[in-house]
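Just so it is clear, the model here is predicted, and its values are computed rather than measured.
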Amino acid sequence: MFGNITDVPGVKVGHVENKEGITGCTAILVENGAVCGVDVRGSAPGTRETDALDPINEIDRVHAISLSGGSAFGLDAATGIMQYLEEQDIGVDTGVAKIPIVPSAVLFDLFIGNPKTRPTAAMGYEAAKNARVGFFSNGNTGAGYGATVGKLAGPQFCMKGGLGSASIAGKDNLVVGAIVAVNAVGDIKDPSTRKTLAGAWNKEKAEWIDCCAYLEEHVQSEALSGTNTTIGVVAVNARLTKAEAKKIAQLTQNALARTIYPVHTMLDGDTIFVLGTGNTIYPVDYIGYLATKVMEDAILTAVKSAKKLADVESYSSIPKMT
């Protein structure tokens, strides 16, 4: 593992945060266009332009992906990204205008900051304008700025989630990168040890409330529907069809299943996009394996990099449990 998703040729990333709202957005630009697929597993998604990515539909290339806080209000960020791309003369040429295709997904972060302050089109524009190749911070960044995890026993027990990115080099010059905003209702565990890294945390007792055990005992969650969600993007410098990109997105969801407990619930809107930016053909299962591996690393990076914010504890602010 190394770097971040911008190690994949053709990918740029930019972020914007709003400290009053404790929210933010992230723009993933592919200005030369990329084949894109999507897989939605959570039952409370907030998305835009995902129907266009169905392999039976005509649009075969996108120009950016928008990841944002703000719940459904945050979908406005994609409008700003479109405006920026249009100004750069990027988009599908319809003869009368070039229309940038910007699928998007949002997460719910309204309860941690000012719920009336959400990502706007102006913030999306700034995130796109900020997009570049190279280092960017993980944790309390962009779409992950107000992200939280471990809310199944109630939001009062939540901990900070965040944004994470990673990349991995495969054979024959293949590069696979991932970026993810982790805002799950469940706990985040290290798949190699099964130890909880971030989740439902009882401050008074300084101990974990295991979300799966809580669900077994109480039958239902104390979290509200739609107030969670993990959203992310995988990029690969491979030649993909839309069907192949969708399949890789499905395989990448295994990374969420290995790190988030429980996952893909009625309370989450878990959504993964996959971008193909290259011209070389690789086996789909090989790409899917690496995509799953790098997404796991991005998820762990997101919660390990998060910092305490608005009195919400983080991985680095609580005692390490043996």
Side-chain angles (χ1 to χ4, degrees), residues 5-6 8-16 18 23-40 45-107 118-133 142-143 177 179 181 231-246 249 271-279:
I5 193 172
T6 69
V8 178
V11 179
K12 298 179 180 179
V13 172
H15 313 280
V16 168
N18 183 296
T23 189
C25 57
T26 294
I28 300 97
L29 302 192
V30 278
E31 295 165 323
N32 294 326
V35 172
C36 187
V38 67
D39 184 68
V40 180
T47 57
R48 170 173 163 171
E49 292 274 38
T50 50
D51 281 354
L53 305 181
D54 191 304
I56 69 170
N57 291 332
E58 182 178 8
I59 292 294
D60 63 352
R61 299 183 81 76
V62 307
H63 306 96
I65 302 290
S66 174
L67 303 180
S68 178
S71 190
F73 297 109
L75 292 170
D76 280 350
T79 299
I81 297 172
M82 288 183 68
Q83 179 187 347
Y84 174 82
L85 292 172
E86 183 184 24
E87 291 176 1
Q88 310 308 309
D89 200 33
I90 294 170
V92 175
D93 192 346
T94 65
V96 295
K98 287 189 177 180
I99 303 175
I101 307 301
V102 185
S104 59
V106 295
L107 55 82
R118 309 116 176 184
T120 60
M123 287 178 64
Y125 184 94
E126 286 301 313
K129 187 177 179 180
N130 291 339
R132 64 200 69 232
V133 173
I179 189 168
I231 51 178
V233 179
V234 166
V236 55
N237 63 333
R239 180 179 174 181
L240 301 175
T241 66
K242 286 173 72 175
E244 288 170 338
K246 182 177 181 67
T271 301
I272 299 294
F273 298 95
V274 168
L275 300 168
T277 70
N279 295 308

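A donor-acceptor pair under 3.5 Å is formed between the side chain of Asn130 and the backbone N or O of His15. No donor-acceptor pair under 3.5 Å is formed between the side chain of His63 and the backbone N or O of Pro100. No donor-acceptor pair closer than 3.5 Å links the side chain of Asn57 to the backbone N or O of Ile59. A donor-acceptor pair under 3.5 Å links the side-chain atoms of Lys242 to the main chain of Asp54, judged by distance alone.
Taken from CD in Glu244 to CZ in Arg239, the straight-line distance is 9.5 Å, to the nearest 0.5 Å. Residue Arg61 holds its CZ atom at 13.0 Å from CG of Leu53, rounded to the nearest 0.5 Å. Atom CZ of Arg132 is separated from atom OG1 of Thr6 by 11.0 Å, given to the nearest 0.5 angstrom. How far CG of Asp60 is from CD of Glu58: 8.0 Å, rounded to the nearest 0.5 Å. Separation of atoms CD1 (Ile231) and OG1 (Thr26) is listed at 8.0 Å; rounding is to 0.5 Å.
Residues Pro45 and Val40 approach most closely at CB-CG1, 3.7 Å, considering heavy atoms. The two residues Leu85 and Ala64 come nearest to each other via the heavy atoms CD1-CB, 3.9 Å. The two residues Val8 and Ala235 come nearest to each other via the heavy atoms CG2-O, 3.4 Å. Across all their heavy atoms, Pro119 and Cys25 have their closest contact at CB-CB, 4.4 Å. Smallest separation of non-hydrogen atoms from Ala143 and Leu107: O-CD2, 3.5 Å. The minimum heavy-atom distance linking Thr23 with Met123 is given by the pair O-CE, 4.5 Å.
With a 4.5 Å cut-off on side-chain heavy atoms, Val274 and Lys246 do not count as touching. Residues Ile272 and Val233 have side chains not in contact (no heavy-atom distance under 4.5 Å, counting atoms from C-beta outward).
Remark: Thr50 pairs with Val38, Thr47, Phe273 by the side-chain contact (heavy atoms from CB on, under 4.5 Å) rule, at least two apart or across chains.
Just one of Val234, Ile65, Val13 meets the side chain to side chain contact (heavy atoms under 4.5 Å, CB included) condition when paired with Ile179; it is Val13. Val62 pairs in a side chain to side chain contact (heavy atoms under 4.5 Å, CB included) with only one of the listed residues (Val35, Val102, Leu275, Ile28), which is Leu275.
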Please set out all donor-acceptor pairs under 3.5 angstrom arising from side-chain atoms of residues 66-84, sequence neighbours excluded.
unit_1	atom_1	unit_2	atom_2	d
Ser68	OG	Gly74	O	3.3
Thr79	OG1	Arg48	NH1	3.1
Gln83	NE2	Glu87	OE2	3.4

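Using a cut-off of 4.0 Å between Lys/Arg side-chain N and Asp/Glu carboxylate O, Glu86 and Lys98 are scored as not salt-bridged.
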